[in-house]
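We count ligands from 1, going down the list as the structure has it; atoms in each ligand are counted the same way.
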Amino acid sequence: MTITITAFERSPDGGRGLARDTRVRWALEEVGRPYDVRLVSFAAMKQPEHLARNPFGQIPTYEEGGLALFETGAIVLHIAERYAGLFPGDADARARAIAWMFAAVNTIEPPILDLMTAKLLEGDKPWTGERLPLVMDRIRDRLKQLAARLGDGEWLDGAFSAGDLMMASVLLRLRASGILDEFPNLAAYVARGEARPAYKRAFAAQLAVNTR
Ligand code: GTB
């Protein structure tokens with residue numbers, strides 16, 4: 001069955017791989033599934049045709065036969081469940097991988113999104129100078145905990161899984177802030193993710209769109 005995802009016609013990041021279609025591309029590359037991409041403009045994302053795919057008018061979305069999905073976490077979970085390569089065979093290990101996926105989007109990503117909001121959307125507000133250090137410290141608190149759990153492990157729970165794919169994708173967004181470098185084991189963990197051939201193919205594919 002053909003898989004079609006949506007992505008920005010032109011990502012505001014110019015192809016740095018920070019838009020969330022990169023996570024879905026990475027998952028599809030890990031499981032070896034080809035996919036088509038429907039590129040959408042910001043205007044098209046708010047039109048009924050795209051709102052039927054994602055009620056919030058966002059990318060990425062995922063279509064496969066009669067199935068239409070939105071929310072990156074749900075999409076990556078679906079890919080990992082349907083195709084081999086992203087979940088361990090053992091049921092308990094699989095449950096733990098799912099826990100790491102939720103931790104990525106529900107525990108680690110929110111303060112990171114706060115930082116993006118504080119810098120990009122509210123950077124000109126009078127309170128920004130006071131708010132930024134607070135937001136950055138909240139990220140540090142979480143990264144301290146995550147770094148302690150990862151220790152000198154290669155991945156979060158045994159072999160690479162969809163949990164690592166989501167966690168590394170979330171952490172990648174911190175690179176420009178410099179905070180990631182304060183946690184050398186997390187920086188190395190993200191670098192291991194980026195070194196995976198599947199990630200490299202996903203990154204190259206989104207870059208090609210944004211440098212046309
Ligand atoms: N919870 C949803 C999910 O996980 O799928 C969130 C989806 C989402 O935020 N999509 C963003 C979007 O469509 C693109 S990824 N935004 C357009 C809109 O809401 O109108 C977020 C993103 C955008 C840009 C950059 N960047 O330029 O660096 C990074 C990340």
Side-chain angles (χ1 to χ4, degrees), residues 3-30 35 37-64 67-82 86 97-123 132 135-136 139 142 162-180 190 193-194 199 202-212:
I3 294 171
T4 304
I5 68 167
T6 52
F8 283 132
E9 187 173 72
R10 191 139 308 263
S11 176
D13 75 352
R16 284 190 298 144
L18 301 177
R20 286 179 175 86
D21 58 293
T22 304
R23 304 171 189 188
V24 175
R25 293 174 186 271
W26 185 6
L28 288 167
E29 292 289 351
E30 289 285 350
Y35 60 96
V37 184
R38 185 182 296 114
L39 298 175
V40 286
S41 64
F42 274 92
M45 285 158 63
K46 309 306 172 198
Q47 296 303 312
E49 187 188 340
H50 189 77
L51 290 171
R53 294 183 204 112
N54 180 330
F56 307 112
Q58 296 187 313
I59 60 98
T61 59
Y62 178 98
E63 292 151 80
E64 183 179 23
L67 175 67
L69 282 178
F70 58 97
E71 281 300 326
T72 324
I75 295 169
V76 173
L77 178 59
H78 165 76
I79 294 168
E81 281 184 331
R82 180 157 293 185
L86 278 171
I98 294 171
W100 281 117
M101 293 181 70
F102 275 84
V105 294
N106 222 20
T107 301
I108 301 293
E109 193 163 42
I112 294 175
L113 292 178
D114 279 350
L115 179 62
M116 306 301 148
T117 304
K119 278 186 170 172
L120 303 177
L121 302 180
E122 298 167 355
L132 266 182
V135 172
M136 288 175 80
I139 296 173
R142 285 294 179 228
D164 295 298
L165 186 153
M166 292 300 289
M167 190 62 81
S169 298
V170 163
L171 294 175
L172 263 167
R173 293 186 75 174
L174 276 178
R175 177 159 288 137
S177 73
I179 300 180
L180 197 55
V190 171
E194 290 174 299
Y199 177 82
F203 184 89
Q206 65 75 37
L207 181 63
V209 169
N210 287 291
T211 49
R212 282 175 309 162

*Taking all heavy atoms of G15 and all of Q206, pick out the closest pair and write down the distance.*
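Closest approach of G15 to Q206: O-NE2, 2.9 Å.
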
Taking [X] for its side chain and [Y] for its backbone only, find out whether a donor-acceptor pair lies under 3.5 Å.
| X | Y | result |
| --- | --- | --- |
| T6 | T61 | yes |
| R142 | I139 | no |
| S11 | F8 | no |
| R53 | L69 | no |
| D13 | G17 | yes |

Closest protein heavy atom (residue, atom, distance) for [atom]:
| atom | answer |
| --- | --- |
| atom 1 (N) of ligand 1 | E71 OE1, 2.8 Å |
| atom 27 (O) of ligand 1 | D13 N, 3.0 Å |
| atom 5 (O) of ligand 1 | T72 OG1, 2.6 Å |

*Separation between CG of L86 and CE of M101, rounded to the nearest 0.5 Å*: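 The distance works out to 8.5 Å.
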
*Measure the CD1-CG distance between I112 and L171 for me, rounded to the nearest 0.5 Å.*
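Reported to 0.5 Å precision, the distance equals 5.5 Å.
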
*What do we get for M45 next to ligand 1 when only non-hydrogen atoms under 4.0 Å count, side chain, backbone, both or neither?*
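The answer is the side chain.
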
*ligand 1 contact by K46, heavy-atom criterion under 4.0 angstrom*: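 Under 4.0 Å: yes for K46.
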
_Whether F8 lies under 4.0 Å from ligand 1, heavy atom_ =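 The answer is yes: ligand 1 sits under 4.0 Å from a heavy atom of F8.
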
Is any N or O atom of [X], backbone or side chain, closer than 3.5 Å to an N or O atom of ligand 1?
| X | result |
| --- | --- |
| Q58 | yes |
| S11 | no |
| R16 | no |
| I59 | yes |

*asked:* I want to confirm something. Looking only at heavy atoms, which of R23, R20, R173, M166 is nearest to atom 9 (O) of ligand 1?
replied: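 Minimum heavy-atom distance to atom 9 (O) of ligand 1 goes to R20.
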
*Are any non-hydrogen protein atoms located under 4.0 Å from atom 25 (C) of ligand 1?*
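Within 4.0 Å: no protein heavy atom nearby.
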
*Please identify which atoms of ligand 1 are closer than 4.0 Å to at least one heavy atom of F42.*
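Counting atoms of ligand 1 from 1, those under 4.0 Å from F42 are 17 (C).
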
